[in-house]
Amino acid sequence: MHTEFRRAVLPREIRSLMAFDGKVFPPADRFTAAHWREYTAYWMLVDHHKVGCCAFMQHVDFREDRQDLNPPKPGSLYITTTGIHPEYQGLGYGQLLKAWEIAYAYRHGFTRIVTNTRKNNKRMIELNRQFGFRRVRTTPNYYAGPTDCTVVMELAL
Ligand SMILES: CC(C)(COP(=O)(O)OP(=O)(O)OC[C@H]1O[C@@H](n2cnc3c(N)ncnc32)[C@H](O)[C@@H]1OP(=O)(O)O)[C@@H](O)C(=O)NCCC(=O)NCCS
């Protein structure tokens, strides 16, 4: 099995990222092209198949649940998305991608990771917990379609 983490080439691969997002997330949770332009995105390729995708904002805090913008924060890596293609879920690839995200953060000198997810996304919350993330806060009514809280989690490195 050959596994590779490859940086997505932007803006060339935006359509491809949006197509992948469309397979992984419900419509209300998908990112727009404008979002993808702001992110640093990586593919997880297994035997050249797009199995996973994740994206970051570097030196940024997640505060969008409390104010309009995510402010700059030196040393903070905001993971905006972590997704495994439905055909490959439940096989350990989520753990592999999460481990790589943490390695990426260490490798690039970040001192903390912050991320957020739907409160009803038990898989993602459990996955983050397995890797030592702790819950920082839960903010009601962050998501629409369906309405849900967002759970903000962080990992100090
Ligand atoms: C969340 C997600 C990334 C997990 O990836 P995955 O490859 O399916 O997960 P893994 O097989 O690596 O399992 C990791 C852990 O997730 C949890 N998990 C996996 N499948 C699960 C299931 N069916 N029910 C409950 N928990 C589950 C478990 O804690 C598991 O660890 P364990 O096997 O040691 O118990 C993936 O399911 C996904 O992309 N979901 C849709 C997108 C999403 O919601 N992303 C998060 C928001 S940013």
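Everything numeric in this text was worked out from a predicted model, so none of it was measured. Just so you know, ligand 1 is whichever comes first in the structure, and atom 1 is the first atom listed for that ligand.
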Can you figure out which of Lys98, Met124, Glu126, Lys122 has its heavy atom closest to atom 1 (C) of ligand 1?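 It is Met124 that holds the nearest heavy atom.
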Please determine whether a side-chain nitrogen of the Lys or Arg among Arg123 and Glu126 lies less than 4.0 Å from a carboxylate oxygen of the Asp or Glu.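 Here Arg123 does not pair with Glu126 in a salt bridge, since their nearest N and O are not under 4.0 Å apart.
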Do any nitrogen or oxygen atoms of [X] come within less than 3.5 Å of a nitrogen or oxygen of ligand 1?
X: Thr80; answer: no
X: Gly92; answer: yes
X: Thr82; answer: yes
X: Thr117; answer: no

* **Heavy-atom pair of closest approach, residues Leu157 and Ala105** =>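 Distance-wise, the nearest heavy atoms are CD1-CB, 3.5 Å.
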Contact with ligand 1 for Gln130, non-hydrogen, under 4.0 angstrom: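 Right, Gln130 reaches ligand 1.
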| query | Parallel, tilted or perpendicular for Tyr39 and His35, by the 30°/60° rule? | reply |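 Because their plane-to-plane angle is under 30°, the rings of Tyr39 and His35 count as parallel.
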Q. Which ligand 1 atoms are under 4.0 Å away from a heavy-atom of Gly83?
A.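 Answer, ordered by atom number: 39 (O).
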Just by modelled atom types, is the Val151 backbone N or O under 3.5 Å from a matching donor or acceptor in the Thr117 side chain?
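No, Thr117 side chain to Val151 backbone: no donor-acceptor pair under 3.5 Å.
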(request) Check each of Tyr93, Tyr104, Trp100 against Phe5 using the ring-ring contact (aromatic ring centres under 6.0 Å, His included) test, and report the only one that passes. (result)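 The single option meeting the ring-ring contact (aromatic ring centres under 6.0 Å, His included) with Phe5 is Trp100.
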> Among all protein non-hydrogen atoms, which one is nearest to atom 39 (O) of ligand 1, and what is the separation to 0.1 Å?
Replying inline: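 Going by distance alone, atom 39 (O) of ligand 1 is nearest to Ile84 N, 2.7 Å.
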